[in-house]
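To start, the structure under review is shown below, and the notes come after it.
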Amino acid sequence: MTQKQKKQIAAITAFSIAFGICPAANAMHIMEGYLPVTYCVAWGVLCLPFLVTGFMKLKKTLGENRRALTLLAMSGAFIFVISSLKIPSVTGSCSHMTGTGLGAILFGPCSVSILGIIVLIFQAILLAHGGLTSLGANTFSMAIAGPFVSYGVYALCKKCNLNRMLTVFLAASIGDLVTYCVTSVQLALAYPSEAGGVLVSVVKFLGVFAPTQLPLAVVEGLLTTAIVICLESFAKPELKSIGYRKEV
Amino acid sequence: MIIIDKLCYYSKLRYVNATEKFLFSVLTLTACILSCSIGIAVLVLTVTGILTVYKGKIPLSRYIKLMAVPIVFLFLSTFAIFVNVSKTPLDAFAFSTGSYYITGSVQGLFRGIQLICTALASVSCLYFLSLNTPMTDILNVLRKLHVPALILELMLLIYRYIFVIMHLASDITISQNSRLGNICPSTARKSFAAMASSVFILSIRRSRELYDALEARCYNGTLRVVSEDYPAKISEILSIAAFETLLYLAVIVIRLSGGTL
């Protein structure tokens, strides 16, 4: 073996150990204390209009129908549990669903923003995924950008009369990818590269998280499709009660 | 099922006034990210670590394991921060690959280490809160901070239902496993979807039953829960105040001196 080959083997071993011992690839939660103060505040402020709209809408729904309260609470808990369970992944490592696509399709993007921030607080406190200071940034990427894009894709595909399964798959996996891209941009804005600035940094963050996030997007899409198809065939009355209309 | 939630009920600091603990961890957390210095981070990590492990009697091995939860994120993103690809090599290290260098600067490395320390210290602050304060107490603190009642009610119900749904999910997963439902990736995917949809159906049914039960007990829009209040001790308040004052003085000194420590 030449010196170069030895080096390559060492590098590959180090890489595989690093990925082998990783306990679980979380969805892209920015961890506690990772963003500078200015960015924490700025992302939080950016979330406010969406959260206020969501809150108003929630209040209106509850004013009309008190019964919706327990239903919403259940939905929030459902999103939390689905995103905390380990899912079978392509690469063999364990990962978690984000649940943003599923939430947006089932409950609509506005109520998901409020449920999302509550779920993120619980994830930070109970599971240490994400954190209190990075709550603003995480809310923006997971409870606002992801669900809204997911819902947009879903509505668009439905208008184009695409295949039902394909529609759900695209909505969920694109929503997941958007979350991953937005988080990379958030990190890059806070930590621009010394050689090349923000754009280079975005590419670096995208690259580093790609091995865990790209397979996850595909798996998330497949699972969401299977779940939605299952629900549409077995749970029509339940779906109607949460205001989900099936237009196939 | 959720280990942090289980541990916080055993903590010896559980019956300390919750507002105190909340303020302590939030203020310390803010100091950490405001200063972004290694010195402050080490200090905070030691103080909150000692408080959680020695005062709160959370097992050390568990604490270390929990601290490793966000390690993948930390490792990957810090790697992305101090490794650069450029045409000109930087001062710390450089490997050439064709016409480009995989390279990093001393400043970048230093920044990365600073960030790792700050992030770990901040996580330890979060753990101080979550390993010593049950969720219901945190919700009471939020009520004192005038978070809208609707949100709090939703949070209380979600918190309760997380455990109900987790229980359902784990029961279904156990029976799927006993029928070899997770034997290969494709059946595992199918089983997961079947589990998620039946959990959804069951949870909607549960939520209806819950509403009926509430209504039968004269529910009119607010859930009233008896909140236990543990008065704050003067000695605790004084020591927290002293610690935070010193910490913030140190933060101010570091910020004024340019923040290199």
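Values below: every heavy atom of this structure, side chains too, minus hydrogens, waters and symmetry copies. A note on names: the letters A, B, ... follow the listed sequences, proteins ahead of strands, and every chain is numbered from 1.
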Using non-hydrogen atoms only, which part of [X] is less than 4.5 Å away from chain B: side chain, backbone, both, or neither?
X: A/Leu102; answer: neither
X: A/Phe78; answer: both
X: A/Leu69; answer: both
X: A/Ile229; answer: neither
X: A/Ile117; answer: neither
X: A/Leu187; answer: side chain
X: A/Thr38; answer: neither
X: A/Ile125; answer: both
X: A/Phe122; answer: side chain

Taking every heavy-atom pair that is under 4.5 Å apart, which of [options] has the most such pairs with chain A?
options: B/Ile116, B/Val123, B/Ile151, B/Leu115; answer: B/Leu115
options: B/Arg160, B/Lys190, B/Arg111; answer: B/Arg111
options: B/Ser105, B/Ser170, B/Cys32; answer: B/Ser105

Check each of A/Thr98, A/Thr100, A/Thr179 against A/Glu220 using the side chain to side chain donor-acceptor pair (under 3.5 Å) test, and report the only one that passes.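 Answer after filtering A/Thr98, A/Thr100, A/Thr179: A/Thr98.
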Could you check B/Leu157, B/Asp5, B/Ile2 and say which one makes a side chain to side chain contact (heavy atoms under 4.5 Å, CB included) with B/Ile162?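 When B/Leu157, B/Asp5, B/Ile2 are each tested with B/Ile162, the side chain to side chain contact (heavy atoms under 4.5 Å, CB included) holds only for B/Ile2.
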Which residue, B/Leu126, B/Leu66, B/Val69, forms the side chain to side chain contact (heavy atoms under 4.5 Å, CB included) with B/Ile4?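 By the side chain to side chain contact (heavy atoms under 4.5 Å, CB included) criterion, B/Ile4 pairs with just one of B/Leu126, B/Leu66, B/Val69: B/Leu66.
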Ring centroid separation for A/Tyr180 and A/Phe209, is it under 6.0 angstrom?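 When the ring centroids of A/Tyr180 and A/Phe209 are compared, they turn out to be at least 6.0 Å apart.
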side-chain hydrogen bond (donor to acceptor under 3.5 Å, both in side chains) between B/Thr78 and A/Tyr34, worked out: CA-CA 10 Å; B/Thr78 314; A/Tyr34 210 80; 2.9 Å; yes
Interchain contact, [X] with chain A, by part (heavy-atom threshold 4.5 Å):
X: B/Arg206; result: both
X: B/Tyr211; result: both
X: B/Ile33; result: both
X: B/Tyr219; result: side chain
X: B/Leu214; result: side chain
X: B/Ala196; result: both
X: B/Ser198; result: neither
X: B/Leu29; result: side chain

As a quick check of understanding, evaluate side chain to side chain contact (heavy atoms under 4.5 Å, CB included) for B/Tyr127 and B/Thr48, giving each step before the final call. CA-CA 8 Å; B/Tyr127 277 139; B/Thr48 49; over 6 Å; no
Between [X] and [Y], what is the shortest heavy-atom contact and its length?
X: A/Cys110; Y: A/Lys57; value: CB-CD, 4.0 Å
X: B/Ser37; Y: B/Ile254; value: OG-CD1, 3.5 Å
X: B/Ser203; Y: B/Ile165; value: CB-CD1, 3.8 Å

Mind checking whether B/Phe24 and B/Phe128 have parallel, tilted or perpendicular rings, split at 30° and 60°?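 Aromatic pair B/Phe24/B/Phe128 classed perpendicular.
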With a 4.5 Å cut-off on heavy-atom pairs, point out which of A/Ile114, A/Leu222, A/Leu126, A/Thr224 contacts chain B the most.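 Looking at each of A/Ile114, A/Leu222, A/Leu126, A/Thr224 in turn, A/Leu126 comes out on top.
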Quick one, A/Glu32 with A/Thr133, criterion side-chain hydrogen bond (donor to acceptor under 3.5 Å, both in side chains). Give me CA distance, side-chain angles, the key distance, then yes/no. CA-CA 6 Å; A/Glu32 184 77 279; A/Thr133 52; 2.6 Å; yes
Over 12 foreign heavy atoms within 6.0 Å of CD, B/Glu209: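 Above 12, so yes.
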